[in-house]
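Below is one structure, written out as structure tokens; the observations come after it.
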2 protein chains.
Amino acid sequence: MQAGSSGGGSRGPQALGSGDGGRVRDSKTKHRTYEPAYVHIVRIVSARIAAGEYRPGDQLPSESGFCAEFDVSPMTLRRAVNILVDRGLVTTAQGRGTFVRGLYLGEASFTLQQLTDRWRDASTEVRLLTASIVPAREDVAVMLGLGPGDSAVFLRRLFLNDGHPFMCHSEFVVYDPRRPLVESQLQITSLDGVLKSAGGEGFARARLSIRAVNLDDETAGYLERPAGTAVFCLEHTFEDFDGAPVSWGQFYFLSDEFQLVTTLGADWPE
Amino acid sequence: MQAGSSGGGSRGPQALGSGDGGRVRDSKTKHRTYEPAYVHIVRIVSARIAAGEYRPGDQLPSESGFCAEFDVSPMTLRRAVNILVDRGLVTTAQGRGTFVRGLYLGEASFTLQQLTDRWRDASTEVRLLTASIVPAREDVAVMLGLGPGDSAVFLRRLFLNDGHPFMCHSEFVVYDPRRPLVESQLQITSLDGVLKSAGGEGFARARLSIRAVNLDDETAGYLERPAGTAVFCLEHTFEDFDGAPVSWGQFYFLSDEFQLVTTLGADWPE
DNA sequence: TAGTGGTCTAGACCACTTA
DNA sequence: AAGTGGTCTAGACCACTAG
């Protein structure tokens with residue numbers, strides 16, 4: 001069992017420490033595709049957890065034990081363990097050991113990446129519905145830190161796939177004649193462009209929240225759905241490097257075209 | 001500037017290599033709260049990015065440069081850089097350098113942790129509305145891999161806070177007389193208990209998805225909202241270590257009580 | 001070829017837990 | 001005291017990129 005699991009010809013590159021002529025190694029084996037040792041270890045241990053060989057609550061072999069089994073140095077082993085830790089598969093307790101964790105729904109993590117993947121293809125059209133300079137409404141002024149009478153740029157975009165709208169974006173941007181924000185915003189014609197900070201660089205931070213809302217009449221019209229339909233509302237606020245808000249808006253997207261999906265546990269493809 | 005940035009008395013513990021009597025170090029300083037060097041570096045560099053000192057697209061100092069500035073070994077510096085990389089703040093390109101990344105909405109990551117945090121307090125009540133063994137409907141049979149005529153356990157729970165319902169859970173569990181799944185399920189009386197794999201250990205994987213849906217009449221009644229109200233629907237499928245599904249169900253929770261929230265960029269508290 | 005990131009070593013010392 | 005995880009070193013060698 002010991003070194004057997006590295007029989008696939010794991011390492012490849014190998015550092016020769018100070019004077020270690022006697023180091024026996026099963027390297028020299030061919031290793032196209034070259035997989036780093038720590039990745040290899042992560043895969044092996046993940047597979048054991050996924051297969052139930054190590055069960056939730058079980059204590060894993062100690063670091064020195066794993067070092068012996070995989071024939072790596074402590075640092076390399078720890079790197080692998082750290083990865084397992086922040087994937088949520090195991091926990092470590094100083095002085096006690098490393099233990100397999102059970103699943104916990106609260107740790108599920110959803111990303112918007114899928115939104116991009118879903119519509120990255122060229123058939124996605126971005127249609128600019130509105131672009132105007134407007135006096136900031138009460139709520140807009142609050143969110144953008146404007147005074148009464150200040151102006152903001154209002155943008156509305158519709159995203160279509162094969163002619164069918166699936167997302168609508170409304171945004172208020174601080175109007176600052178010095179910065180060409182507006183102009184650069186108007187150039188955006190791709191979903192990627194919009195998602196890329198809704199307008200290139202210059203933003204330091206974004207605060208995001210997702211709600212489930214009923215479509216209002218106007219947005220429902222744009223999305224060609226009945227008013228009241230449940231959709232996702234992704235609200236965003238962008239700040240510059242001084243912490244001042246420069247943009248506030250919402251994406252509305254249809255839930256039947258896009259869901260947040262994820263997986264929990266030791267299985268996802270390495 | 002060189003070692004200045006570690007003037008706060010960063011390190012504390014310090015490894016003495018082979019024979020390095022002459023190593024000068026600003027340690028020995030008091031260091032309660034002890035912050036590891038790599039964490040320290042992550043904080044410093046993050047702060048510089050957040051402040052706009054390093055701008056998106058900029059190339060960071062080389063590793064050897066940083067090693068000199070922070071007076072650490074390459075491994076320690078790399079550990080810090082790796083953390084920055086998987087926080088999405090920088091990218092590394094072998095042979096070219098390390099660069100600051102701009103924000104990208106597609107990378108936003110939302111977790112359900114907030115759901116737990118929000119209602120971890122004791123005032124949350126879990127009310128078991130239904131618990132029965134039922135013949136598997138068509139859709140249930142498909143999701144659980146059952147044949148026609150097989151049975152499933154149906155559970156429905158309502159979660160209340162100060163007497164106000166905010167979440168409803170419906171679940172079908174494979175009925176297996178050998179396993180005490182049902183019994184253990186019935187013991188659960190806390191939100192944490194439900195989220196913890198909806199019933200203790202024994203699950204290897206979970207597949208989750210979130211949709212925005214309109215409340216149906218029945219669920220609307222439980223949640224005391226008008227039918228049609230937009231809510232989140234978190235659907236889950238749990239599998240055992242053989243990959244066989246053992247549980248399928250949905251959480252419905254009110255969006256006005258709970259949103260998915262996150263932040264993008266270099267700012268979140270270390 | 002020079003410079004960059006990427007991996008790895010063979011230890012060291014520390015802090016913590018358990019007995 | 002023995003065993004565990006946690007951090008760190010001072011290099012080494014590799015792979016890649018660019019002038």
Side-chain angles (χ1 to χ4, degrees), chain A residues 6 10-28 31-42 58-68 70-86 90-100, chain B residues 6 10-28 31-42 59-68 70-86 90-99:
Chain A
S6 66
S10 58
R11 305 272 305 309
Q14 154 188 353
L16 300 184
S18 28
D20 77 327
R23 199 83 167 72
V24 179
R25 195 71 108 184
D26 59 317
S27 63
K28 285 300 192 314
H31 59 270
R32 298 122 307 166
T33 73
Y34 171 51
E35 177 180 63
Y38 71 93
V39 174
H40 184 232
I41 295 171
V42 167
D58 284 0
Q59 176 166 10
L60 290 187
S62 73
E63 307 212 330
S64 59
F66 267 147
C67 284
F70 295 115
D71 190 24
V72 295
S73 76
M75 267 303 259
T76 301
L77 190 276
R78 295 236 76 242
R79 182 167 181 181
V81 171
N82 282 336
I83 291 173
L84 293 172
V85 166
D86 55 45
V90 306
T91 46
T92 57
Q94 196 173 64
R96 296 203 298 123
T98 303
F99 302 86
V100 180
Chain B
S6 65
S10 58
R11 305 273 303 311
Q14 152 189 353
L16 299 184
S18 26
D20 78 324
R23 200 81 168 73
V24 178
R25 196 71 110 183
D26 59 318
S27 62
K28 286 299 192 315
H31 59 272
R32 292 123 310 162
T33 75
Y34 171 51
E35 177 180 63
Y38 70 92
V39 174
H40 184 232
I41 296 171
V42 166
Q59 176 166 10
L60 290 186
S62 73
E63 307 212 329
S64 59
F66 267 147
C67 284
F70 295 115
D71 191 23
V72 295
S73 76
M75 267 302 259
T76 301
L77 190 277
R78 295 235 78 243
R79 182 167 181 182
V81 170
N82 282 336
I83 291 173
L84 293 172
V85 166
D86 55 45
V90 306
T91 47
T92 57
Q94 196 174 63
R96 296 202 299 122
T98 303
F99 304 86

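The sequence lines fix the lettering, A, B, ..., with proteins before strands; numbering per chain opens at 1.
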Over how many whole Å does the gap from B:M75 atom CE to C:dT9 atom P extend?
9 Å
Which atom of B:Q59 lies closest to which atom of B:R96, heavy atoms considered:
NE2-O, 3.0 Å
If you check the B:T98 side chain, which of D:dA10, C:dG5, C:dT9 turns out closest?
C:dG5
Student check: side-chain heavy atoms of B:F99 and B:V90 closer than 4.5 Å
no
Measure the shortest side-chain to side-chain distance between B:T98 and B:T91 over non-hydrogen atoms and say whether it is less than 4.5 angstrom.
no
C:dT9, C:dT7, C:dG5: which one has an atom nearest the side-chain heavy atoms of A:P36?
C:dT7
Heavy-atom pair of closest approach, residues A:A80 and A:Y38:
CB-O, 3.7 Å
Do you know which two heavy atoms are closest between A:T92 and A:V85, and how far apart they sit?
CG2-CG2, 3.8 Å
To the closest 0.5 Å, what do you measure between CD1 (B:I41) and CD1 (B:I83)?
9.5 Å
Out of C:dT7, D:dC8, D:dT4, which nucleotide sits closest to the side chain of A:Y34?
C:dT7
Please list each protein N or O that sits under 3.5 Å from an N or O in nucleotides 16-19 of chain C, with the distance.
residue : atom : partner : partner atom : Å
C:dC16  : O4'  : A:Q94   : OE1          : 3.0

Which pair of heavy atoms, one from A:C67 and one from A:P74, lies closest together, and at what distance?
SG-CA, 3.6 Å
Nearest-Å distance for atom pair CD/P, residues A:E63 and C:dA10:
17 Å
Note, DNA chain D 5' to 3' with Watson-Crick or G-U pairs under 3.5 Å encoded as ( ), [ ], | and . gives ||||||||||||||||||.
How many whole angstroms separate atom NE2 of B:H40 from atom P of D:dC8?
11 Å
To the nearest angstrom, how far is B:N82 atom CG from C:dG5 atom P?
12 Å
In Å and rounded to the nearest 0.5 Å, what is the OG1 to CG distance from A:T76 to A:D71?
10.5 Å
Nearest listed nucleotide, side chain of A:A37, among C:dC8, D:dG5, C:dT9
C:dC8
Nearest heavy-atom contact between A:N82 and B:R79 is ND2-NH2, 3.3 Å
Taking atom P of D:dT9 as reference, at what distance in whole Å does atom CZ of B:F70 sit?
13 Å
Could you check how far CG of B:L77 sits from C1' of D:dA10, rounded to whole Å?
14 Å
Mind checking the CG-CG spacing from B:L60 to B:L84? Nearest 0.5 Å is all I need.
8.0 Å
With a 4.0 Å limit, can you tell me whether A:S62 has a side-chain N or O closer than that to the phosphate oxygens OP1/OP2 of D:dT4?
yes
Let's see if you can work this out: which of D:dT7, C:dG5, D:dT9 has an atom nearest to the side-chain heavy atoms of B:R79?
D:dT7
B:Q59 CD to D:dA18 C1': how many Å, rounded?
12 Å
Mind calculating the distance between CZ (B:F99) and C1' (C:dG3) to the nearest angstrom?
12 Å
OP1 or OP2 of D:dG5 versus the side-chain N and O atoms of A:T92: is any pair under 4.0 Å?
no
Between A:Y38 and C:dT7, does any side-chain N or O lie under 4.0 Å from OP1 or OP2?
yes
